Amino acid sequence: MNLPDNLKYTKDHEWVRVEGDVAYVGITDFAQSELGDIVYVDIDTVDKQIGQNDVFGTVEAVKTVSDLFSPLSGTVLEFNDKLDGSPELVNSDPYGDGWIIKMSIDDASEVEGLLTVEGYREVIGQ
């Protein structure tokens, strides 16, 4: 199971990479493996303010649709448009080309409340 040390995680299986005052958000390697082949990513929150734990979109796999929960409060700045034509990037490169949104960070203290890699390993029983 690939879990980079430099990221923060949520109990809902999202990861966060903070770069200055913006955050990149995606789903973890564990989440994509549980979902199976991702066939569509639906994000309808670009340019919208969202709160921590709000649903910001969905990922659709062959057999299920799963909500995506925001790990932080902020504004969704960008959707990874590579996923429009290649949603399978979420499966093949969840921490790289498979990122889902880029968002502003309204409250930096929320980042500290996210899980470390060790904490996330406990959540998934690894």
Side-chain angles (χ1 to χ4, degrees):
M1 187 67 47
N2 181 14
L3 293 171
D5 289 341
N6 64 323
L7 303 178
K8 293 287 195 167
Y9 299 89
T10 71
K11 290 178 181 163
D12 295 312
H13 312 291
E14 283 84 23
W15 59 261
V16 180
R17 183 177 72 238
V18 175
E19 294 185 3
D21 60 353
V22 299
Y24 288 82
V25 179
I27 64 169
T28 65
D29 192 23
F30 175 82
Q32 70 78 22
S33 68
E34 291 290 302
L35 287 168
D37 293 337
I38 305 292
V39 295
Y40 186 66
V41 181
D42 181 31
I43 305 298
D44 60 0
T45 51
V46 174
D47 296 328
K48 292 185 181 166
Q49 175 75 27
I50 54 175
Q52 188 175 35
N53 302 315
D54 286 353
V55 173
F56 69 85
T58 58
V59 289
E60 186 175 332
V62 174
K63 295 181 181 173
T64 188
V65 175
S66 186
D67 286 336
L68 297 166
F69 297 94
S70 181
L72 302 167
S73 301
T75 301
V76 178
L77 302 172
E78 184 180 337
F79 167 64
N80 181 357
D81 59 11
K82 288 182 186 177
L83 300 181
D84 267 345
S86 302
E88 68 278 1
L89 287 170
V90 174
N91 294 115
S92 63
D93 192 9
Y95 305 113
D97 285 342
W99 63 272
I100 297 175
I101 61 166
K102 183 168 116 178
M103 66 184 297
S104 66
I105 301 171
D106 281 358
D107 182 353
S109 70
E110 289 177 349
V111 174
E112 299 311 311
L114 298 173
L115 298 170
T116 62
V117 67
E118 293 81 13
Y120 184 66
R121 283 186 192 283
E122 287 180 25
V123 168
I124 61 173
Q126 297 254 322

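In what follows, residues are counted from 1 in the order of the sequence shown. All of these numbers come straight from a predicted model, not from anything done at the bench.
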Report summary line: Rounding to 0.5 Å, atoms CZ (Arg121) and CZ (Phe30) come to a distance of 12.0 Å
Query raised in the report: Atom CG of Leu83 and atom CD1 of Ile38: how far apart are they, to the nearest 0.5 Å?
Result: 10.0 Å
Report task. Identify the heavy atoms of Gly51 and Ser70 that sit nearest to each other, and give their distance. Result -> O-CB, 3.7 Å
Report task. Please step through side chain to side chain contact (heavy atoms under 4.5 Å, CB included) for the pair Leu114 and Leu72, ending with a clear verdict. Result -> CA-CA 9 Å; Leu114 298 173; Leu72 302 167; 4.0 Å; yes
Query raised in the report: Is the shortest heavy-atom distance from the side chain of Val90 to the side chain of Leu35 under 4.5 Å?
Result: no
Query - Connected via hydrophobic side-chain network under 4.5 Å: Val62 and Val65 - result: no
Query raised in the report: Got a sec, which residues hit side-chain hydrogen bond (donor to acceptor under 3.5 Å, both in side chains) with Ser109, two or more places apart in sequence or on another chain?
Result: Asp107
Requested in this report: Quick one: which residue pairs count as a salt bridge (charged side-chain N to carboxylate O under 4.0 Å, His left out) with a foot in residues 20-49, not counting sequence neighbours?
Outcome: none
Requested in this report: Report the relative orientation of the aromatic rings in Tyr9 and Tyr120; use parallel for angles under 30°, tilted for 30 to 60°, perpendicular for over 60°.
Outcome: parallel
Query - Non-hydrogen atoms of Val41 and Phe79 that approach each other most closely - result: CG1-CE1, 3.8 Å
Report task. Please report the closest heavy-atom contact between Ser73 and Glu110, naming both atoms and the distance. Result -> N-OE1, 2.6 Å
Query raised in the report: Has the side chain of Glu14 got a donor or acceptor atom that lies under 3.5 Å from a matching backbone atom of Ile27?
Result: no
Query raised in the report: Should Leu68 and Leu7 be regarded as members of a common hydrophobic cluster, given that ILVMFWY residues are connected when their side-chain heavy atoms come within less than 4.5 Å of each other, either directly or indirectly?
Result: no
Query - Taking every non-hydrogen atom, the tightest pair across Pro87 and Val39 - result: CG-O, 3.2 Å
Report summary line: Separation between CH2 (Trp15) and CG (Leu115), nearest 0.5 Å, reads 15.5 Å
Query raised in the report: What's the spacing between Asp12 CG and Thr28 OG1 if we round to 0.5 Å?
Result: 10.5 Å
Report summary line: For Lys8, the salt bridge (Lys or Arg N to Asp or Glu O under 4.0 Å) test, sequence neighbours excluded, returns none
Report task. Decide yes or no on side chain to side chain contact (heavy atoms under 4.5 Å, CB included) for Asn80 and Ile43, but give the supporting numbers first. Result -> CA-CA 10 Å; Asn80 181 357; Ile43 305 298; over 6 Å; no
**Report entry** Minimal non-hydrogen separation, Val123 against Lys11, with atom names
**Finding:** CG2-CG, 4.1 Å
Report summary line: CG (Asp106) and CD (Gln49) are apart, to the nearest 0.5 Å, by 4.5 Å
Requested in this report: Measure the CG-OG1 distance between Asn6 and Thr116 for me, rounded to the nearest 0.5 Å.
Outcome: 12.5 Å
Query raised in the report: Between Tyr40 and Val59, is there a shared hydrophobic cluster once you connect ILVMFWY residues whose side-chain heavy atoms come closer than 4.5 Å?
Result: no
Report task. Identify the heavy atoms of Pro4 and Asn2 that sit nearest to each other, and give their distance. Result -> CD-OD1, 3.7 Å
Query raised in the report: How is the hydrophobic cluster of Phe69 composed, in terms of its other members, when Ile, Leu, Val, Met, Phe, Trp and Tyr link through side-chain heavy atoms under 4.5 Å apart, directly or indirectly?
Result: Val55
Counting only pairs under 3.5 Å, give me each side-chain donor-acceptor contact of residues 96-104, with atom names and distances, residues two or more places apart or in other chains.
residue, atom, partner, partner atom, Å
Asp97, OD1, Lys82, NZ, 3.1
Ser104, OG, Thr75, N, 2.9

Query raised in the report: In terms of hydrophobic clusters joined by side-chain contacts under 4.5 Å, are Leu3 and Tyr24 together?
Result: yes
Report summary line: Hits for side-chain hydrogen bond (donor to acceptor under 3.5 Å, both in side chains) against Glu19, two or more places apart or cross-chain, chain-then-number order -> Arg17
